[in-house]
Structures are given as C-alpha cells and as structure tokens.
Amino acid sequence: MQSTRKITEDIVWVGSSDRRLERFENLFPIPRGIAYNAYFIEDEKTVLMDTVDESVARQLYENVDYLLDGRQLDYLVVNHVEPDHCAGITEFLSRFPDMKVVGTAKAIQIIGQFYEADMTERAVAVKEGEELSLGKHTLRFYMAPMVHWPEVMMTYDVTDKTLFSADAFGAFGAFSGSIFNDEIQFERDWLDDARRYYANIVGKYGVQVQNVLKKVALLEVEKICPLHGPIWRSNLDWFIEKYQAWSSYRPEEKGVVLIYGSVYGNTERAVDALAVRLADAGVANLAVYDVSSTHVSELISEIFRCSHVVLASATYNAGMFPPMENLLTDMKALAVKNRKVVLIENGSWALSAGKSMAKELEEMKEMTVLGEMLSLKSVLPRQREEELDQVVDQIVKSLAE
Ligand code: FEO
C-alpha cells in the first residue's frame with residue numbers, strides 16, 4: 001500500500017519511519033525512532049530525490065510504484081551517499097535501465113565503493129550551480145561538502161522554491177502521520193532531538209554548515225526538505241537561526257548544565273548542593289546529569305544548548321572517571337568551543353581528575369574556566385560549603401555578562 005504525502009502540486013514525500021532501530025549509526029539511542037525522507041517529483045521527467053534505509057525500503061518501492069503508475073523513473077538524485085539514504089540505489093538501477101543517477105563526482109565514486117553497480121553510462125556528475133530541467137521544474141545543485149560527508153550536495157527546486165537539504169535541518173524521531181513542522185509541536189516534542197541530531201552528527205562541521213547557510217540565505221526558500229525529521233514550510237527563519245547558533249558554537253541559551261561522575265555519591269551531592277544554591281541565586285535554566293546514566297549524545301546536545309558547563313569528576317585510576325573522559329573526548333571530537341566551564345574534582349588520595357579535565361579543555365577552543373577548581377577530598381565538609389557560594393557568585397556574574 002502507498003503511504004505518501006503531497007508537499008507541493010508536484011513534489012511528494014515518499015519516505016517512511018523506523019520505530020524498531022535501537023541505535024542510529026549503531027551509536028545514538030533513538031527511543032522516538034527515526035524517519036528516512038525521500039521525495040518524488042512528477043514532471044515531464046520523473047525524479048526520485050534520494051532513497052532510504054534498507055529497513056523501510058519496501059515502503060519506498062511501493063510509494064514510487066504508485067506515483068509512477070507505469071511510467072519510467074528518469075532520474076535518481078543522490079544528495080548524500082550514506083547507506084541510510086542509499087539502500088534503494090541498486091534496486092532502482094535494475095528496475096529502470098534508462099534511469100540516470102545524478103550526484104557529485106565524489107558521490108558517484110562512493111556509490112561504487114558501497115555497491116556493485118555499473119554506473120559508466122548512467123552517472124551524471126554535477127557541479128556547483130549546474131541545473132537540470134525536468135520540464136516545468138528546474139533543479140539547481142549546490143555543493144555541501146562535510147554536511148555531513150564529503151560528497152554531499154543540496155538540490156534547490158527553482159520552480160517550487162524548495163530546498164532538498166540532505167542531512168542539514170534533520171532530526172531524530174519517527175513520524176506519526178504528520179510530516180510538516182506546522183502539524184506538530186516542534187519546539188515541545190522535536191527540538192531536543194533536532195539539537196541532539198545536529199550536535200552529534202554534524203556538530204564537528206560548523207564551518208561547513210556556515211558556508212551552506214550563506215548559500216541558503218541567497219535563495220528564496222519556501223520549503224526545506226531534509227533527509228530526516230519534519231519538513232519545514234513555515235517559520236523557516238526560526239529553525240535557520242537555531243542552525244546559525246549551533247554551527248557557530250554560540251550557546252543557544254544562557255543556562256548551566258551540571259554533569260557529574262560520581263562513584264559513591266559524594267561528588268553527586270556536591271553538584272546537587274551547587275545546583276540548589278544556583279537556583280536560590282535566581283538561575284532558572286539548570287540541568288543536572290549523571291555522566292554514567294545519561295547517554296553522551298544527550299550531554300553533548302545539552303552542552304550545545306547551554307552557555308555554562310559544570311564538570312565534576314571523581315578521580316579514577318589516577319585520572320578522570322571513565323565516562324567523564326569519554327564525554328570530554330567527544331566534546332573535543334565534535335569541536336565544542338566557546339563555553340564557560342567550572343571544574344570540580346574529588347578524590348580520597350592523589351587528586352588528579354581536575355588536572356586531567358583541565359588538560360582536555362585546553363585542547364578545545366575558546367573554553368574559559370571560571371575561578372579556581374573546587375577540590376574535594378572524599379566529601380565537601382560543612383565548614384567548606386561557603387566555597388560553593390563563591391562558585392555560585394562566579395557563575396551568576398558570568399551569566400550576567
Ligand atoms: Fe542520514 Fe549522513 O546520513
């Protein structure tokens with residue numbers, strides 16, 4: 001059975017959702033599932049914009065068959081070759097012997113690496129600004145390298161002012177029938193997963209995303225069609241502004257995320273004591289996380305959201321608590337920068353977690369450590385609680401800047 005939705009007169013969503021997959025890229029938990037978007041354009045020439053993951057490919061084939069209604073598929077445009085969007089390539093190549101595959105030269109090369117398909121007579125390599133006429137519609141191609149692989153491009157439908165944005169503007173989350181941003185409560189139900197998706201999948205490539213945003217700013221865009229998550233047909237500027245913040249590593253909000261790694265609960269209690277004092281001081285935007293029980297992708301997402309980060313770690317094997325080390329390694333890998341950081345270390349002998357955390361932060365850009373590190377020996381004794389007030393003062397002062 002077909003399961004499609006019209007986006008414009010001629011553009012149809014032909015994707016589907018996977019609610020069974022536990023981890024996206026075998027890495028990121030997706031309790032809300034994931035949508036794989038693909039798009040069909042009906043014109044004098046027929047076009048499929050990308051395919052989907054193999055888990056939902058059957059639905060794509062039925063959708064495309066339904067829309068073709070006996071016609072041939074003329075073009076498969078491949079904006080991104082990652083296998084979650086390319087499972088259908090070989091199937092469409094064999095079903096439609098005259099179909100051409102349109103993509104960047106790099107995309108065509110990588111398709112050949114993943115799939116045994118003879119593309120010699122069928123690949124159309126396109127470059128920046130090149131156009132493809134379908135009859136009524138004209139497609140124009142824009143290179144978007146490293147958003148999120150090197151072969152990526154975006155396709156702009158000049159006729160319908162629709163941007164097929166590849167991974168950019170995507171989100172984790174399966175659809176419940178509604179696929180448009182104005183059919184759902186995006187800020188309430190989707191924003192956290194859109195931020196987590198951005199920060200962890202594309203976060204490292206802020207410069208490249210900024211380059212793409214500059215190109216998008218010159219286009220008249222009425223709809224954004226990403227490869228995952230809702231399709232944007234209203235309030236585009238609001239979401240583009242989120243991307244401006246994330247890709248420039250500008251904190252989305254003034255707020256404090258407090259992340260602790262605690263073995264017996266004493267580092268945890270110190271962080272809780274700090275959090276209530278911050279609340280007493282009027283800081284409203286607070287979030288406390290246990291680094292052991294929160295997936296690192298959630299923590300990265302929260303660090304992209306907040307201006308201030310408190311990292312508190314027990315000493316372990318003469319270094320950081322291992323999950324804290326994992327977090328800092330991920331922060332470095334994803335090029336996190338421009339945050340104000342407070343460090344708290346704990347250890348019953350040979351304190352060294354703080355030094356290890358500071359060293360990692362030094363290797364990141366524009367990370368400012370506020371004040372002196374708070375060093376605990378096993379617990380924070382009552383007579384030292386005023387040191388927490390000093391930390392609160394530093395954070396409050398910094399938040400006001
Ligand atoms: Fe959804 Fe980079 O693939």
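One-based numbering, in listed order, for ligands and for the atoms of each.
Cation-pi geometry between R5 and F175 is not met: the NZ or CZ atom fails to fall both under 6.0 Å from the ring centre and inside 45° of the normal.
Under the 3.5 Å distance criterion, with hydrogens and angles disregarded, no donor-acceptor pair is assigned to the side chains of Q59 and Q2.
Relative ring orientation between H295 and F28 is described as perpendicular, the plane-to-plane angle rising above 60° on a 0-90° scale split at 30° and 60°. Classification of the Y316-F321 ring pair by plane angle, with boundaries at 30° and 60°, yields perpendicular. Y243 and W246 have tilted rings, their planes meeting at an angle from 30° to 60° on a 0 to 90° scale.
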Check: Would H85 and H228 count as a side-chain contact (heavy atoms from CB on, under 4.5 Å) if you check the C-alpha gap in whole Å, the side-chain angles of each, and the deciding distance to 0.1 Å?
Finding: CA-CA 10 Å; H85 308 294; H228 304 282; 3.2 Å; yes

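By the criterion of a separation under 2.8 Å, the protein N/O/S atoms near atom 2 (Fe) of ligand 1 amount to H80 NE2, E82 OE1, H148 ND1, D167 OD2.
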